[in-house]
Each structure stands twice: as structure tokens, then as C-alpha cells.
Amino acid sequence: MAINQAMATSFKVDILNGVHAFGTSVTRGSTTADTFKMALYTSSASLGAATTAYTTANEATGTGYSAGGQDLTVSTAPTSTSTTAWLDFADETWASSSITARGALIYNDTQSDKAVAVLDFGADKTSTSGDFTVIFPAADSSNAIIRIA
Amino acid sequence: MSTILEGEVKVIATKGRGHTPEEIAEFALAKILYVSKDANPLIREQAEAFKGYIREVLVKYLKQAVQSDRTTLANKLRDAGHSDLIKILET
């Protein structure tokens, strides 16, 4: 017998599924998953850990891009491997586009556009009458885009 | 201690064209198989060999899908009376 202090792995998955509410919660209209979006930003944008919600300030513009960005598809619903909870999004493409962007914001379109994650592309990326594709990392507990270890 | 972690994304942007079957195959491979830098060298070698095989299969069938779609498009253009545009699809 042994008692090992730990955060329950199931709890980590539950967090990603919005099961627990330690504080004031939100009113949900249904039990379906929220809609998450990704918006692109120019190098003039100020985004980071302090970002709380989607903003139009310095959002990318151009052919094939609409303000607010595009819906993301959750390709792997919250799950766990060993003690790490994780989820994955499908790669996102702005087809036939002419866009320049330095980073992106993943946000919850269903819950008042609340911020989820800021992505830094490391440099300006430009599509010219082409495809602009954001490739998410491998879908596993070591690399997935959102993990609770 | 538990921590929330964020993975790193990559961006591929093209100019004057869409993605090639080879590029899309790489996108798919990244989802199908990840070989850790820390993996045992023998296992990594086998995994890379398997990855190479999957890459060849993906590229082959993606090219086939593109060609097949062009056949469908060519027929739609012909039916719409634009047979002259079919030559563009063949380049």
C-alpha cells in the first residue's frame, strides 16, 4: 500500500472538458463542445500570457482572410497518456490567400471570445495567391498543442 | 507538480500555388508518426524507415487524388462548353 500525492489524470482531462467549476461558472446553452477559432496577427500585435480575449487590433488582413479567423477542428478530443492530458487540433489552411502574419491567437468563440493560447511563428510568414497553413504538432502527450502534465 | 504546456506550431505558406502532394504528405506524416529525438537509435532507425514508406504511399495516393479530381474538373468544364480550359489543367 502506498499513497502518492498527485493531481488525478482524470481531473486534467476533466479540466479540458470543462467539467469542474471552482469559481463562478459560465451558463452553457448545451452540452456540445465550444467552437474554437484561430485568428492571425501581424508583427505589430501585442499578444502574450496577459491576453484575455480576441482582439481586432493588428489582426492580419488580405485576400482569403476574414476578421476573426477560422474555426478550428478538434481532431483528438481531450484524452490522456500516462499522467498527461492533451488534445489536438487539425491543421488549419487559409486557401488561395495573400496574407502576412507573425503569430496567432486561439480563442473560444462560444465563450465571449476568451483567449486560449498565443502562437508565435518566429518570423513573418507570407502567402501570395497561395495556401497559408498552420501545422499543429504531433498528437501525443509529449508534443500536442495543449497539454496538462 | 502539474503544468500546462503548449506545443509548437509550424507555418507553411506558398506563393502562386497551393500545397504540393509532397508537402501535404509531410503534414499528414506529422500527425501519423512522431519519432522522438531521445528514442533508442535502433528503434528510431526502424521508425524512420517506416515513416519513409508511409511518405511514399501518401505521396502516390495524393497525386492520384489530384489527377482524379482534374479528370472530374475536365469533364465539368467540357460539359459547360469550356473545353479550351482543359489544357490549363494538363500543364
Side-chain angles (χ1 to χ4, degrees), chain A residues 5-9 11-12 15-16 38 40 49 75-76 83-86 88-104 106 116-149, chain B residues 1-41 43-44 46-55 58-59 61-63 65-66 69-70 72-73 76-77 85 88-89 91:
Chain A
Q5 179 162 320
M7 194 71 78
T9 303
F11 173 68
K12 298 173 186 174
I15 289 174
L16 296 176
M38 178 160 55
L40 301 177
S75 56
T76 302
T83 59
T84 299
W86 58 275
D88 183 40
F89 291 116
D91 297 343
E92 192 63 32
T93 295
W94 281 264
S96 301
S97 64
S98 293
I99 304 167
T100 294
R102 166 62 198 251
I106 296 173
V116 174
V118 175
L119 307 175
D120 179 9
F121 299 156
D124 276 350
K125 302 291 182 181
T126 301
S127 65
T128 307
S129 300
D131 290 344
F132 190 105
T133 300
V134 178
I135 303 162
F136 285 97
D140 60 36
S141 60
S142 301
N143 301 280
I145 184 68
I146 296 175
R147 288 165 282 147
I148 303 178
Chain B
M1 189 176 74
S2 293
T3 52
I4 295 181
L5 304 164
E6 181 181 0
E8 286 188 23
V9 299
K10 284 195 294 188
V11 175
I12 304 291
T14 62
K15 296 183 179 179
R17 63 172 179 83
H19 293 306
T20 63
E22 287 81 3
E23 288 169 342
I24 292 174
E26 289 302 324
F27 302 165
L29 268 176
K31 292 289 184 189
I32 295 169
L33 184 64
Y34 172 76
V35 185
S36 172
K37 289 176 289 187
D38 304 324
N40 178 297
I43 293 173
R44 191 168 65 225
Q46 284 185 332
E48 291 292 356
F50 179 66
K51 196 171 182 177
Y53 170 70
I54 297 294
R55 180 183 289 111
L58 285 173
V59 169
Y61 281 92
L62 283 168
K63 283 181 176 175
V66 168
D69 190 53
R70 284 184 183 174
T72 302
L73 282 175
K76 284 185 177 177
L77 288 170
L85 295 177
I88 296 174
L89 293 175
T91 57

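Letters go in sequence order (proteins before strands), and every chain restarts at 1.
Contact of A:Asn143 with chain B is made through backbone and side chain together, with heavy-atom distances under 4.5 Å. A:Asp88 touches chain B through its side chain: at least one heavy atom from C-beta onward sits under 4.5 Å away, while N, CA, C and O do not. With a 4.5 angstrom heavy-atom cutoff, A:Phe89 touches chain B only via backbone atoms. With a threshold of 4.5 angstrom between heavy atoms, A:Ala144 approaches chain B through N, CA, C or O but not through any side-chain atom. Contact annotation for A:Val118: only backbone heavy atoms (N, CA, C, O) come within less than 4.5 Å of a heavy atom of chain B. Heavy-atom distances place both the backbone and the side chain of A:Phe132 under 4.5 Å from chain B.
Residues A:Ile99 and A:Thr126 fail the side-chain proximity criterion, which asks for heavy atoms closer than 4.5 Å. With a 4.5 Å cut-off on side-chain heavy atoms, B:Val35 and B:Glu48 count as touching.
Put simply, of A:Ile146, A:Thr76, A:Asp120, A:Asp91, the one with the most heavy-atom pairs under 4.5 Å next to chain B is A:Asp91. Taking chain A as the reference chain and counting heavy-atom pairs below 4.5 Å, the highest number among B:Ala30, B:Gly16, B:Gly18 is found for B:Gly16. Here A:Asp131 is the residue among A:Ile145, A:Ile148, A:Asp131 with the most heavy-atom pairs under 4.5 Å with chain B. For the options B:Ile4, B:Thr14, B:Ile32, B:Leu29, heavy-atom pairs under 4.5 Å to chain A are most numerous at B:Thr14. Ranking B:Glu8, B:Lys10, B:Arg17 against chain A, the residue ahead of the rest is B:Lys10, based on heavy-atom pairs under 4.5 Å.
In summary, B:Glu6 and A:Arg147 do not engage in a salt bridge, as defined by a charged side-chain N under 4.0 Å from a carboxylate O. Taking a cutoff of 4.0 Å between a charged side-chain nitrogen and a carboxylate oxygen, B:Glu22 and B:Lys63 qualify as a salt bridge.
Side-chain atoms of A:Ser127 come within 3.5 Å of backbone atoms of A:Ser97 as a donor-acceptor pair (strictly under, hydrogens ignored). Proximity of a side-chain donor or acceptor of A:Asp140 to a complementary backbone N or O of B:Tyr34 within less than 3.5 Å is not detected. Between the B:Glu23 side chain and the B:Thr20 main chain, a donor and an acceptor come within less than 3.5 Å of each other.
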- So A:Thr133 and B:His19, side-chain hydrogen bond (donor to acceptor under 3.5 Å, both in side chains) or not? Walk me through it. CA-CA 9 Å; A:Thr133 300; B:His19 293 306; 2.5 Å; yes
